[in-house]
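Shown next, in structure tokens, is the structure this report addresses.
Position 1 is the first residue of the sequence, and the numbers go up from there.
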Amino acid sequence: MTLQERMDGEGGSDPLRQAVKGAVAALAQAAIDISDLTCRGALAGITGQAQGRNTDGDVQKDLDVRADQIIRDALGKLPIAALASEEMEALDILNPGAPICVAFDPLDGSSNINTNMSVGTIFSIMPTPSDVNAAFRQAGSAQLAAGFVVYGPQTSLVLTLGQGVDIFTLDRVDRVFKLTGSAVKIPAEATEFAINASNRRHWDLPVRAYIDECLAGADGAGGKNYNMRWIGSLVAEAFRILIRGGIFLYPGDARDGYEEGRLRLVYEAHPMAFIVEQAGGGASTGRKRVLDLVPGSLHQRVPLIMGSIKNVQRLEHLHTVPDGALEANAPLFGNRGLFRV
């Protein structure tokens with residue numbers, strides 16, 4: 001079954017669902033064009049070199065810019081009220097009377113481009129509120145659809161329309177996405193975790209305590225041996241979790257500018273949380289369900305912990321334990337050394 005055939009079975013003639021179907025189809029076509037660029041790499045002028053910084057201060061690569069334009073061109077022809085992108089300073093109001101609004105990260109993981117590792121595109125489709133300027137100041141639970149694309153050895157499109165999660169793989173011969181996984185379910189518990197362990201000294205105690213449990217393996221509170229993974233690409237981490245389970249953590253920490261993590265709520269955490277929950281997993285800040293959060297600004301950052309539901313719940317539980325108790329149970333070398341004054 002192709003993506004188009006799958007979408008044709010959705011929603012009848014309802015204008016809202018028709019708008020969602022049109023947006024998904026356009027995003028899928030844009031993804032095929034972006035996939036071509038990533039595959040050709042330097043042959044297509046894609047070097048992974050910095051082109052300056054975007055409006056939110058992050059380093060902007062050449063493929064960031066081109067991917068953003070490809071998606072905006074694809075969506076600009078449709079009945080969409082407003083667009084928002086990581087590469088845009090503010091939302092772009094197109095047709096205030098249209099039924100949907102689309103937010104997207106055109107190229108997640110762009111630091112991986114010149115090392116030939118997986119990158120991707122993330123998108124979120126919201127209903128248009130009465131005030132279009134508030135399009136992306138809605139709780140994540142209001143999403144009509146969300147998805148992401150991984151440009152890796154295969155180009156895969158993960159999609160939820162609010163009734164489960166499907167995976168489509170790009171057939172490069174026919175240049176269409178074809179269904180390769182339906183009603184995807186994340187295992188309730190798994191023994192893989194993904195976090196940038198180099199930042200351990202900056203983490204809050206609950207995060208340290210959880211990772212220490214994982215590292216303790218069968219001798220620790222979890223009673224199981226764990227493996228660590230870290231790719232530095234949110235889409236790649238999420239795809240692995242959908243297939244194998246596990247937990248991904250990008251917490252806030254004590255560094256300047258990282259107090260609320262670095263992932264954006266509107267076009268990264270919200271769509272990922274929607275997908276993960278639709279697949280039976282959990283998505284949390286550690287203290288709050290991500291889909292309950294209402295953005296205060298377009299580029300608001302938020303901590304993100306997502307994956308197998310029991311793993312996420314364990315970390316949420318540790319956030320309810322007093323810091324003093326966590327400190328008392330910390331390993332000998334967790335925060336202090338034997339010979340330190």
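Remark: the Tyr151 side chain and the Ser156 side chain contain no N/O donor-acceptor pair separated by less than 3.5 Å.
The distance from atom CZ of Arg229 to atom CD1 of Ile241, rounded to the nearest 0.5 Å, is 12.0 Å.
A cation-pi contact, defined as under 6.0 Å to the ring centre and within 45° of the axis, links Arg255 to Tyr258.
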For residues 303-313, dump all side-chain donor-acceptor pairs below 3.5 Å to protein atoms at least two apart in sequence or in another chain.
residue: Ser308; atom: OG; partner: Pro187; partner atom: O; Å: 2.8
residue: Ser308; atom: OG; partner: Gly246; partner atom: N; Å: 2.9
residue: Asn311; atom: OD1; partner: Ala190; partner atom: N; Å: 3.2
residue: Asn311; atom: ND2; partner: Ala190; partner atom: O; Å: 2.9
residue: Asn311; atom: ND2; partner: Tyr210; partner atom: OH; Å: 3.4

Under 3.5 Å, which donor-acceptor pairs link side chains of residues 275-282 to any protein atom two or more places apart or in another chain?
residue: Glu277; atom: OE1; partner: Arg289; partner atom: NE; Å: 3.4
residue: Glu277; atom: OE1; partner: Arg289; partner atom: NH2; Å: 2.9
residue: Glu277; atom: OE2; partner: Arg289; partner atom: NE; Å: 2.9
residue: Gln278; atom: OE1; partner: Gln163; partner atom: N; Å: 3.3
residue: Gln278; atom: OE1; partner: Gly164; partner atom: N; Å: 2.8

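Proximity of Gln300 to Ser297: side-chain heavy atoms (C-beta onward) are separated by under 4.5 Å at one or more points. The closest side-chain heavy-atom distance from Gln138 to Pro127 is below 4.5 Å. Taking the side chain as every heavy atom from C-beta outward, Arg172 and Ser35 approach each other to under 4.5 Å.
Side-chain atoms of Arg314 never come within 3.5 Å of backbone atoms of Gly222 as a donor-acceptor pair (strictly under, hydrogens ignored). Looking only at distances, no side-chain donor or acceptor of Thr169 sits under 3.5 Å from a matching main-chain atom of Thr180. Side-chain atoms of Asn225 come within 3.5 Å of backbone N or O of Ala218 as a donor-acceptor pair.
Between Glu189 and Lys224 there is a salt bridge, with a side-chain nitrogen of the basic residue lying less than 4.0 Å from a carboxylate oxygen of the acidic one. Between Glu259 and Arg301 there is no salt bridge, since no side-chain N of the basic residue sits under 4.0 Å from a carboxylate O of the acidic one. Salt bridge status for Arg287 with Glu316: absent, with no side-chain N to carboxylate O gap under 4.0 Å. Classification of Lys21 and Asp14 as a salt-bridged pair fails, no side-chain N sitting under 4.0 Å from a carboxylate O. We find that Asp73 and Lys77 are not joined by a salt bridge, their nearest charged nitrogen and carboxylate oxygen being 4.0 Å or further apart. Between Arg175 and Asp33, at least one side-chain N (NZ, or NE/NH1/NH2) sits under 4.0 Å from a carboxylate O, which counts as a salt bridge.
Contact record, His319 with Thr285: NE2-O, 4.5 Å, taken as the closest heavy-atom pair.
Heavy-atom neighbours of Asn95 CG from other residues, nucleotides or ligands within 6.0 Å: above the threshold of 12.
Residues passing the salt bridge (charged side-chain N to carboxylate O under 4.0 Å, His left out) test with Asp166 are Arg6, sequence neighbours excluded.
Under the side-chain contact (heavy atoms from CB on, under 4.5 Å) rule, Phe136 has a single partner from Val102, Leu298, Leu83, Val294, which is Leu298.
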